[in-house]
Amino acid sequence: MSCAFDLTHYGELLDAAKAGGYRFATFEAEPQPGDVLLRHDVDLSLEAALELGRLERDAGVRATYFLMTESVFYNLDSALGRETLGELRGLGHAVGLHGVYPRASHDERFDAVLAWHNPDAEYVHEPVNGFVNVMQPPWFTKGKYRSDSNQHWREGCPHEELRAGTFEWLQLLTHPEIWVFDGDTMGETMRAMLEEKRGEWLEQLANDRIDLL
Ligand SMILES: [Zn+2]
Ligand SMILES: [Zn+2]
């Protein structure tokens, strides 16, 4: 099995967790033995979040999607943003706030669960008033956390350990863009995403009555 960052191996990761006897849990309760807390920080692309969310629903898997209200790359108040929120909920997923420190204002779009975007060490594990911070203990526990940041598993792809049931429980953070767009490196994947966005933006410009001739 090649540990490619693509949707095929993403499906294999989910299958491995099922084969290992894990259940997919959210951050509402403290982690229990046998839980996989599947977390997605949506940094760059609502389209990628939706694609992954649909794949997971088809696989019978529930995840928590963390969406930004102040992203440079997407607008949660746009039509697509509202549709994405509604569809992710409709697919059965939980939705939390992907906040930019120190702003953590709650609104009805989000469950009371927060993941900071690009957090610094000083506050990453600190409790946040009115929220579960996904990086505060016990939701974050050393040895029970894996992340695909920048298309790199610092401690290795977890598929074998999931299949073997090695983790007592696991918080698994993946970024949808990394899996949905093709590329052997983060740079290639980002360029593939930008190609896609270019087409979408050209379409949006036409919709916005911009003369593209
Ligand atoms: Zn793997
Ligand atoms: Zn982020």
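Order of listing sets the numbers, starting from 1, for every ligand and every atom in it. Bear in mind the structure is a predicted one, so any value in this text is a computation, not a measurement.
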Tell me which pairs pass salt bridge (charged side-chain N to carboxylate O under 4.0 Å, His left out) where either residue lies in [range], with sequence neighbours left out.
range	value
residues 73-82	D77-R109
residues 85-103	R54-E87, E70-R103, R89-D111
residues 203-213	none

With the Zn ion (ligand 1) at the apex, how many degrees lie between SG of C157 and NE2 of H9, rounded to 10 degrees?
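Value returned, to the nearest 10°, is 110°.
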Can you tell me the angle formed at the Zn ion (ligand 1) by ND1 of H159 and SG of C3, to 10°?
100°
Let's go through V180 and E47 carefully: what are the C-alpha distance in whole Å and the side-chain angles of both, what is the deciding distance for side-chain contact (heavy atoms from CB on, under 4.5 Å) to 0.1 Å, and is it a yes or a no?
CA-CA 9 Å; V180 166; E47 289 88 345; over 6 Å; no
If you define the side chain from C-beta out and look only at heavy atoms, does anything of F140 sit under 4.5 Å from V134?
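No - every pair of side-chain heavy atoms lies 4.5 Å or more apart.
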Does the side chain of F5 reach to within under 4.5 Å of the side chain of M186, using non-hydrogen atoms?
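No - every pair of side-chain heavy atoms lies 4.5 Å or more apart.
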Side chain of W139, backbone of A29: donor and acceptor closer than 3.5 Å?
yes
What are the protein N, O or S atoms, given as residue plus atom name, that sit under 2.8 Å from the Zn ion (ligand 2)?
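Short answer, with waters excluded from the count: D43 OD1, H98 NE2, H117 ND1.
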